Amino acid sequence: MSPPTPRLRRALLVLTTALAALLCALAPLPAAADGPADTARAADPDPAAGDGPAADSAPTAGEGPAGWTARPAGGGADRDARPYVYLEGTPGTALQDRLAVTNSGRAPLTVRLRGDGRAGAWIGFAADTVTVPARTRAEVPLALTVPPDAVPGDASGEVVADDGDEEIRVPVRVRIGGPTLAALTVEDVEISGDTIRYALVNRGNAMLEPRLAVRADGMFGTLLDRPERPLPLELAPGRRVERTEPWPDAPALDAVTVRLRVTAPGGARDEAEASATYLPVAPAVGGGLLVLGGLALLGSGAYRRRRARRGDPEPPGAEPPGAEPPGAEPPGAESADDRQPTTETRPLVKAGPLVKAGAES
């Protein structure tokens with residue numbers, strides 16, 4: 001097929017421009033974006049630290065229910081109290097610490113103690129059940145035994161104090177001696193409307209505090225550029241966390257590539273990206289059908305005019321204008337029977353001997 005004529009090319013350009021203007025007019029205006037700090041806060045829910053299960057309503061160390069508290073022993077005032085139990089040792093060693101339970105109520109308090117999470121499973125208590133008199137503080141010894149086959153690095157867990165109605169979780173951090181490896185990966189990046197989804201995985205044996213940077217590029221330049229910032233979580237070895245990053249001013253019409261870069265102390269670093277095309281569904285379908293219809297009409301008309309100017313024979317099966325259907329007689333034409341002379345055919349009669357009337361007797 002011959003290349004399109006200049007007139008056809010101009011028509012295609014006009015249709016494409018009209019379609020783009022229609023899509024831009026129908027696309028909703030982007031919502032006003034918050035500042036970088038507000039966006040970062042919206043993107044980062046507070047996950048529970050450590051390997052143990054998170055209790056949404058469970059207080060942490062120093063934030064117990066009214067009437068009693070549980071926290072690492074040895075702290076003075078509340079502001080000087082240790083935020084978690086921290087122990088260091090080599091595989092096979094037993095490490096000791098104490099848990100302080102304070103009953104500020106007017107009745108005796110009975111709590112049950114247990115460990116939770118990876119490091120919590122290594123903890124043993126001098127007593128699993130402790131009764132604390134009114135307005136009294138009790139310190140319960142605990143021992144953490146590092147397994148002989150423990151991998152060097154960091155481990156985490158929790159000490160859980162439960163009075164039957166509420167519980168307090170005290171974080172536990174253990175540094176196991178030996179060579180450590182900081183390794184962090186960002187995986188499963190996905191763009192869904194105005195949300196970027198991704199997963200962080202600690203591939204090493206050290207506790208990590210990740211930092212995240214986000215960048216998005218479209219067809220006409222950079223759409224999003226959030227500098228590196230710390231995430232409010234501690235990623236234990238082997239732990240995987242799925243997170244989201246809001247993008248309230250995502251484009252309505254564009255093809256974008258989003259790149260995530262994560263880092264952590266110790267040299268951990270990784271990058272991942274994902275691509276997506278933003279296109280309004282209803283305007284795109286209507287505009288696409290309109291363009292296809294216009295292209296079909298223009299292409300058909302241009303093709304017929306070009307053949308008529310060049311005098312090309314019509315394709316097989318096509319009839320020229322004014323052609324009569326097969327078998328039809330042209331006006332005023334005589335049939336073959338009319339053009340042949342008419343000859344009447346009669347049977348021949350063989351004459352016999354004449355009989356003379358009045359034969360002689």
Side-chain angles (χ1 to χ4, degrees), residues 46-64 68-75 81-101 110-132 138-184 199-210 233-242:
D46 294 334
D51 294 333
D56 295 337
S57 60
T60 57
E63 300 177 354
W68 67 284
T69 62
R71 58 170 56 105
R82 291 185 292 164
Y84 49 80
V85 175
Y86 180 79
L87 300 169
E88 292 185 1
T90 57
T93 59
L95 310 174
Q96 297 185 2
D97 207 320
R98 293 174 300 163
L99 180 72
V101 180
T110 299
V111 297
R112 294 182 58 86
L113 304 176
R114 61 182 174 87
D116 195 10
R118 181 187 175 194
W122 304 341
I123 298 176
F125 301 93
D128 294 337
T129 302
V130 179
T131 299
V132 184
E139 293 186 357
V140 183
L142 62 87
L144 186 149
T145 303
V146 182
D149 57 350
V151 177
D154 296 325
S156 63
E158 292 174 317
V159 171
V160 182
D162 188 353
D163 70 346
D165 295 326
E166 297 179 276
E167 65 179 29
I168 299 176
R169 292 177 173 265
V170 180
V172 177
R173 302 287 183 264
V174 182
R175 171 63 58 87
I176 305 172
T180 59
L181 172 65
L184 177 66
L200 297 178
V201 184
N202 187 342
R203 300 292 184 181
N205 58 12
M207 187 74 66
L208 298 180
E209 297 180 356
L233 65 90
E234 287 185 334
L235 203 58
R239 186 183 178 194
R240 173 189 174 93
V241 176
E242 294 184 355

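This is a predicted model, so every value here is computed, not measured.
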Check: Side chains of Arg82 and Asp97: does their closest heavy-atom pair fall under 4.5 Å?
Finding: yes

Notebook entry, point to check: With Thr110, which residues qualify under side chain to side chain contact (heavy atoms under 4.5 Å, CB included), at least two apart?
Noted result: Thr129, Thr131

Next item on the list: Report yes if some heavy atom in the side chain of Pro210 is under 4.5 Å from a heavy atom in the side chain of Leu184; otherwise report no.
Entry: yes

Margin query: So which atom in Pro237 and which in Gly204 form the shortest heavy-atom distance, rounded to 0.1 Å?
Written below: CB-O, 3.4 Å

Next item on the list: Rounded to the nearest 0.5 Å, what's the gap from CD1 on Ile176 to CD on Glu88? Could you check?
Entry: 11.0 Å

Notebook entry, point to check: Can you list the residues that meet the side chain to side chain contact (heavy atoms under 4.5 Å, CB included) rule with Ala199, with sequence neighbours excluded?
Noted result: Arg240, Glu242

Note to self: For Thr180 versus Gly153, what's the shortest heavy-atom pair and its separation?
What the structure shows: CG2-CA, 3.9 Å

Margin query: Rounded at 0.5 Å granularity, tell me how far CG in Asn202 sits from CG in Leu208.
Written below: 4.0 Å

Next item on the list: Hey, could you give me the CD1/CG distance between Ile123 and Leu87, rounded to the nearest 0.5 Å?
Entry: 7.5 Å

Checklist line | Residue pairs, two or more places apart or on separate chains, that pass salt bridge (Lys or Arg N to Asp or Glu O under 4.0 Å) and touch residues 142-157 | finding: Asp154-Arg175

Notebook entry, point to check: Are Trp68 and Asp163 side-chain neighbours, meaning at least one heavy-atom pair lies under 4.5 Å?
Noted result: yes

Note to self: I need the Met207 CE to Ser156 OG distance, nearest 0.5 Å.
What the structure shows: 4.0 Å

Item checked: Side-chain heavy atoms of Val101 within contact of Val130, under 4.5 Å -> no

Next item on the list: Could I get the full list of side chain to side chain donor-acceptor pair (under 3.5 Å) partners for Glu139, not counting sequence neighbours?
Entry: Arg98, Arg137

Item checked: Minimum-distance pair of heavy atoms, taken over all atoms of Gly177 and Pro152 -> O-CB, 3.4 Å

Next item on the list: Could you grab the distance from atom CZ of Arg173 to atom CD of Glu158, nearest 0.5 Å is fine?
Entry: 8.0 Å

Note to self: So, using side chain to side chain contact (heavy atoms under 4.5 Å, CB included) as the criterion, who are the partners of Arg114 when residues are at least two apart?
What the structure shows: Asp116, Val160, Glu167, Arg169

Note to self: With side-chain contact (heavy atoms from CB on, under 4.5 Å) as the criterion, how do Val85 and Val170 come out once you've worked through the C-alpha distance, each side chain's angles and the decisive distance to 0.1 Å?
What the structure shows: CA-CA 7 Å; Val85 175; Val170 180; 4.3 Å; yes

Checklist line | Nearest-0.5 Å distance that lies between atom CH2 in Trp122 and atom OG1 in Thr145 | finding: 10.5 Å

Item checked: Which atom of Pro91 lies closest to which atom of Pro148, heavy atoms considered -> CB-O, 3.3 Å

Note to self: Tell me every residue that passes side chain to side chain contact (heavy atoms under 4.5 Å, CB included) with Thr90, counting only those two or more places apart in sequence or in another chain.
What the structure shows: Thr93

Checklist line | Flag, side chain of Asn205 to backbone of Leu181, donor-acceptor distance under 3.5 Å | finding: yes

Check: Between Leu144 and Ala119, what is the shortest heavy-atom contact and its length?
Finding: CD1-O, 3.8 Å

